[in-house]
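What follows is a set of notes on a single structure, which appears directly below.
Quick note: numbers below take in every heavy atom, side chains included, and nothing from hydrogens, waters or symmetry partners.
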Amino acid sequence: MSPLGVALVALLLLVAVFSAVWAWQLPTQNAGMIDPVWAFSLGVVALLYAWLGTGSIHARVLVGLGGALWGWRLGWHLWRRNAGKPEDARYRKLREEWGAAAPRNMFGFFQMQAVVSMLLSVAFAVPSYRPDAPGIGFVAAAVALWLISVVGEAVADRQLRTFVSDPANRGKTCRAGLWRYSRHPNYFFECVHWLAYVPLAVGAPWAWLTLLPPLLMAWLLVKVSGIPMLEAHMRATRGDYAEYARTTSVLIPWPPRR
């Protein structure tokens, strides 16, 4: 199938999925489940490109495995974090700001996730249509970046989950493990994940497009819906967060300042 054909199938799938999740959250007024569904659905999009793409089988297998395993790991983590819990502070704040227009605006917000997913899926599309197999050195680089990103994000998520589960840490800021060197190590490794598909596209037509997903993810996390909203919440609910922010890198892991 052509790239535009697969993109259309993926878009229709995402619109349907996010519309269903929007309807699902209406009775509970809890939009938190959009996070795991977003990760799971984007993993499915990776499989679609790997299955329906017409490029090198080697590149398509790597894209399918990489995207699907990333989506499953992140989706399962977010599902365990959000299921049965109160609405995430980010979405609760939006709901409060929108007031009576919240249901309508939330539908638009959910559909925007489909748009973002389509832009990110360029990372899967370009390698899936390269006519020749990527060089062994580029494959090694892609696998190394993927492993570093997914393992690093999983470690950061586990460290935070362990810290939060201890009642003695209620109201405190996590400084355990990777969180000592970055205020958002999970976001850092998420950005690295989208870099993993760049080496698979080197030498292919339109290879430069694979630089857009990591840049988009970094922009979203640093400037839009990730760090700004989360840090505003943390500063309001953690008395020690101001000192933590003063001494700790915002994204890239780095030794803390004295």
Side-chain angles (χ1 to χ4, degrees), residues 6-7 9-10 13-14 17-18 21 33-53 55-83 113-114 116-130 133-162 177-178 184-202 204 209-214 216-218 220-221 226:
V6 180
V9 171
L13 171 67
L14 292 170
V17 166
F18 291 131
V21 177
M33 298 316 291
I34 189 63
D35 294 336
V37 171
W38 172 82
F40 285 134
S41 62
L42 200 44
V44 172
V45 171
L47 289 174
L48 273 178
Y49 274 108
W51 176 37
L52 299 175
S56 161
I57 185 63
H58 303 89
R60 287 191 285 130
V61 167
L62 290 169
V63 164
L65 283 175
L69 290 175
W70 162 83
W72 178 86
R73 202 288 313 171
L74 182 57
W76 177 239
H77 162 71
L78 294 171
W79 186 278
R80 288 192 299 168
R81 188 191 72 180
N82 294 357
Q113 307 307 305
V116 170
S117 294
M118 290 303 299
L119 292 174
L120 291 173
S121 71
V122 169
F124 307 138
V126 175
S128 295
Y129 283 89
R130 66 171 302 152
I136 187 64
F138 293 116
V139 170
V143 171
L145 285 169
W146 189 91
L147 286 173
I148 289 170
S149 64
V150 174
V151 172
E153 191 170 6
V155 169
D157 289 338
R158 177 178 290 274
Q159 289 170 342
L160 181 61
R161 186 168 62 247
T162 301
L178 293 167
H184 305 280
N186 52 341
Y187 288 171
F188 168 75
F189 287 111
E190 180 62 26
C191 294
V192 174
H193 163 255
W194 293 101
L195 281 172
Y197 304 95
V198 175
L200 296 180
V202 172
L209 287 175
T210 56
L211 294 173
L212 299 181
L216 173 62
M217 180 56 69
L220 290 171
L221 292 177

query: Hey, does Leu62 have a side-chain heavy atom less than 4.5 Å from the side chain of Pro127?
result: no
Residues Trp38, Val21; criterion side chain to side chain contact (heavy atoms under 4.5 Å, CB included); working and verdict: CA-CA 10 Å; Trp38 172 82; Val21 177; over 6 Å; no
Steps toward side chain to side chain contact (heavy atoms under 4.5 Å, CB included) verdict (Val45, Ser117): CA-CA 9 Å; Val45 171; Ser117 294; 5.9 Å; no
- prompt: Can you name the nearest heavy-atom pair linking Val116 to Leu216, along with the distance?
  reply: O-CD2, 4.4 Å
- prompt: Can you tell me how far CG of Asp35 sits from CD of Gln113, rounded to the nearest 0.5 angstrom?
  reply: 8.0 Å
- prompt: For the side chain of Tyr49 and the backbone of Ala10, is there at least one donor-acceptor N/O pair under 3.5 Å apart?
  reply: no
message: Quick check for you: to the nearest 0.5 Å, what is the distance between Trp146 atom CH2 and Leu65 atom CG?
response: 8.5 Å
- prompt: At what distance, to the nearest 0.5 angstrom, does OG of Ser149 lie from CG of Asn186?
  reply: 12.5 Å
- line: OG1 of Thr210 to CG of Leu212, rounded to nearest 0.5 Å, is 8.0 Å
field: Other residues, nucleotides, ligands: >12 heavy atoms within 6.0 Å of Phe40 CZ
entry: yes
statement: Of all heavy-atom pairs linking Ala142 and Ala196, the shortest is CB-O, 3.2 Å
- prompt: What are the two closest non-hydrogen atoms of Ala133 and His58, and how far apart are they?
  reply: CB-ND1, 3.8 Å
field: Expected output: side-chain Arg130 to main-chain Val202 donor-acceptor under 3.5 Å
entry: yes
- line: Separation between NE2 (His77) and CH2 (Trp72), nearest 0.5 Å, reads 12.5 Å
field: Over all atoms of both residues, closest heavy-atom pair of Leu42 and Phe124
entry: O-CE1, 3.7 Å
- request: Determine yes or no for a side-chain-to-main-chain donor-acceptor pair under 3.5 angstrom, with Gln159 supplying the side chain and Leu178 the backbone.
  value: yes
- request: Would you indicate whether Arg158, at its atom CZ, is surrounded by more than 12 heavy atoms from other residues, nucleotides or ligands within a distance under 6.0 Å?
  value: no
task: First locate atom CG of Leu48, then atom CG of Leu14, and finally report the distance between them rounded to the nearest 0.5 Å.
output: 9.0 Å
field: Tyr187, Phe188, Phe189, Trp70 screened by ring pair (Phe, Tyr, Trp, His ring centres under 6.0 Å) with Trp194, the one that passes
entry: Trp70
- prompt: Any idea which heavy atoms bring Ala59 and Pro134 closest together, and the distance?
  reply: CB-CD, 4.0 Å
- request: Provide the closest heavy-atom pair for Arg60 versus Gly55 in the form atom of the first, atom of the second, distance.
  value: NE-O, 3.1 Å
message: Under the criterion side chain to side chain contact (heavy atoms under 4.5 Å, CB included), I'd like the reasoning laid out for His193 against Leu74: C-alpha separation, chi angles, the key distance, then a yes or no.
response: CA-CA 11 Å; His193 163 255; Leu74 182 57; over 6 Å; no
- prompt: Charged N to carboxylate O under 4.0 angstrom, Asp157 versus Arg81?
  reply: no
